[in-house]
Amino acid sequence: MGVSTMRKIRGTAFVALMLQGGREPDRIAVGWEVIGANMQRPATLFARILGAVLAALLGTAFFFTIIGVFGLTPAILALVLFIALAAAIFRCPQAEGSG
Amino acid sequence: MNVDPTVLARIQFAFTVSFHIIFPTISIGLATFLAIMEGLWLKTKDPLYLQIYRFWLGIFAMAFGVGVVTGIVLSFEFGLGFARFGQMAGPAIGPMIALEVLTSFFLEAGFLGIMLFGLNRVGQKLHFFATCMVALGTLLSASWILSANSWMQTPDGVVVSHGHLVVTDWLKVIVNPSWLYRLPHMLAAAFITGSFLVAGVGAWYLLKGKYEAFGRRTVSIGTAFATVLIAGQVFLGDIVYGKMLEYQPAKMQAAEGFWERQSQSPAPYYWIIVPDQEHQRNRFTVGFPYLGSIWLTHSLHGRVAGLQNTPRDQQPIMGWVFYGFRVMYGTALIMFGLCVASLWLRWQGRLFTARWFLRALVVMTPSGVIATLGGWYVAETGRQPWVIYGILRTADAVSPVPAGAFLATLVAFVCVYTLFISAFLIFAWRMIKRGPETAPAQTEASGSLKYALRPQVMQAPTGNTLAASEK
């Protein structure tokens, strides 16, 4: 399975997770397990660098917004969104190697 | 001796309070973490949570003990080193310190013994209740101390009469203008400190390939808490910044490193300055263009107010405030970056396998303590030259004690505290090296207080001898 397919699956599952709001935890958990199994495949160096750059850009955008650069309301919304995204990502299964 | 007693009194208090704040920060963070771990164990019956609880309980106990001992010293210093402050502000500060003792210390004293030694002697729910009460005690303690300190930053509810403060409104003294903002900021700092501590130790085990289940669980929980909390802290920090700009503009002017009444536009964000307080200028600066305007004025071309807006005799020393703020803010930026990295790695399923990340977590283990110290340096040095902002100057608050006495006690404090910190670090390191394996993953209590109070149980070193024999 290619990286782009993995991203699509992950994106779909993420949208499903957000829409269902945790009402069907078992189904979501199974979904994450499937994605987790796919994630065991080695990603290319390019994909990792791209992911790191995207994560850095997203993190910077969140930081600037939460710190109030765009005003109080966007700061509160960004904080809530950041925490919601983080809470969703916390459910991702992890590889258990010792590093 | 030619050394100014005021300088020595301030160095002594700065040293003792800097040392002290490390331990309450750790114990506040760990107490809540322990309550959550025990609650999760009771809910899930997963023995790993109990193992985590037992392991961190030992380190919490040491931090708590050192925190209490070094905190008592501060109360004496108020009277011995800053007697004039005590005379003037006693009616406002005294009851708050007394209320801290009556509420939090009594609560902690009542339940700490059960928390530390009662796991095999009392029932699981009673023990969980004790842990929650100790955690609540640490929060109450922080609340009263922050109330007292915030009152010194933004005094309210008092009038000065014949050189003494008379309280006119207790509610305004306790819920003073900055307390509501500074308390959550400090509590978040303590929780973040605990989270990075827990995650850092877990990461070290994963790197060593030891106690991997324990390491994975603590890295996961630690980074999860840290991620949510650091985002909240960034938000809270900006709110506190805005409030302090309103109530203590000199502090924030010094924190940004600008001297001119209005900075150039766009304003850079300085990371390094060599300030010249006498000539009211910077000898050298290293900054990031535009960032000062964006962060501090929330516009691309905003100008930042400098320290020359404050009369010279009311200015804090810029270097202390500036670098205190940079230490806090710089560390928080790195923490935020690391938390974003943790999210990205979780998304990829590589949270426990990315060795660079685990190494970074180990390096960042004490980051919460460093950031908290930086924050307190901003708060305290930025309030100078006042001890009670706008009411009493620090120079007027010092006791008429010879410089030699201050110097001798300062040397004694340095020696004793060096022993304290050495003992704490050595024992904490030993506990970490020994690992969580020695912490049993089950309890053997009967569940009744009557059982716990039986002489055989009381006398058994771990409390589980009788329980085992009765089985």
Side-chain angles (χ1 to χ4, degrees), chain A residues 3 6-7 10-11 13-14 32-33 35-43 47-72 74-99, chain B residues 203 205-213 215-216 219-221 223-239 241-242 291 293-300 329 332-333 336-359:
Chain A
V3 172
M6 277 171 58
R7 298 250 179 253
R10 235 180 277 173
F14 178 71
W32 282 123
E33 274 167 26
I35 297 158
N38 288 325
M39 273 188 262
Q40 304 302 317
R41 298 181 180 212
R48 281 198 177 175
I49 292 171
L50 190 68
V53 170
L54 277 173
L57 287 174
L58 261 175
T60 308
F62 267 114
F63 185 86
F64 273 68
T65 314
I66 292 171
I67 209 165
V69 168
F70 305 109
L72 185 62
I76 294 169
L77 290 174
L79 179 63
V80 172
L81 181 64
F82 183 86
I83 293 172
L85 284 173
I89 292 171
F90 292 159
R91 303 178 70 151
C92 290
Q94 303 298 310
E96 290 199 347
S98 58
Chain B
Y205 286 138
L206 288 182
L207 283 170
K208 292 278 170 194
K210 297 195 297 187
Y211 317 113
E212 291 183 15
R216 282 194 292 271
V219 165
S220 179
I221 292 171
T223 52
F225 276 118
T227 303
V228 172
L229 288 164
I230 195 75
Q233 186 71 315
V234 167
F235 177 78
L236 282 170
D238 191 57
I239 303 280
Y241 187 97
L291 209 52
S293 290
I294 294 170
W295 271 349
L296 307 174
T297 68
H298 299 168
S299 75
L300 265 179
Y329 199 57
L333 272 174
F336 188 88
L338 203 60
C339 287
V340 170
S342 81
L343 285 177
W344 174 59
L345 289 170
R346 264 188 213 265
W347 179 245
Q348 304 252 314
R350 299 192 294 126
L351 187 67
F352 309 133
T353 53
R355 292 186 75 83
W356 66 267
F357 176 73
L358 297 175
R359 283 194 199 102

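Proteins come first, then strands; the chains are lettered A, B, ... in the order of their sequence lines, and each starts at number 1.
Considering only heavy atoms from C-beta on, B:F235 comes within 4.5 Å of A:I76 through its side chain. The side-chain heavy atoms of A:L54 and B:W344, taken from C-beta on, include no pair separated by under 4.5 Å. Side-chain contact between A:Q94 and B:R216: absent, with no pair of heavy atoms (C-beta onward) separated by less than 4.5 Å. Within the 4.5 Å cutoff, the side chain of A:R48 has heavy atoms near those of the B:R350 side chain. Looking at heavy atoms from C-beta onward, B:I221 lies out of side-chain contact with A:F90 at the 4.5 angstrom threshold. A:T60 places none of its side-chain heavy atoms less than 4.5 Å from the side chain of B:V340.
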Please determine whether side-chain contact (heavy atoms from CB on, under 4.5 Å) holds for the pair B:I239 and A:L72, giving the CA-CA distance in whole Å, both sets of side-chain angles, and the decisive distance to 0.1 Å. CA-CA 9 Å; B:I239 303 280; A:L72 185 62; 4.0 Å; yes

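The minimum heavy-atom distance linking A:A86 with B:T227 is given by the pair CB-CG2, 4.1 Å.
Rounding to the nearest 0.5 angstrom, the gap separating the CG atom in B:L229 from the CD1 atom in A:I83 is 8.5 Å. Remark: A:C92 SG to B:L345 CG distance equals 11.0 Å, nearest 0.5 Å. Rounding to the nearest 0.5 angstrom, the gap separating the CD1 atom in A:I89 from the CD atom in B:Q348 is 10.5 Å.
Of the two parts of A:A78, neither the backbone nor the side chain holds a non-hydrogen atom closer than 4.5 Å to a non-hydrogen atom of chain B. Contact of A:I67 with chain B is made through backbone and side chain together, with heavy-atom distances under 4.5 Å. Looking at B:L236, there are no atoms closer than 4.5 Å to chain A (heavy atoms on both sides), in backbone or side chain. Contact of B:L291 with chain A is made through the side chain alone, with heavy-atom distances under 4.5 Å.
A donor-acceptor contact shorter than 3.5 Å links the side chain of B:H298 to the backbone of A:G68.
Aromatic rings of A:F82 and B:F336 (six-membered ring for Trp) have centroids within the 6.0 Å cut-off, being under it.
Using the six-membered ring where Trp is involved, B:W295 and A:F64 have ring planes that are tilted, between 30° and 60° apart.
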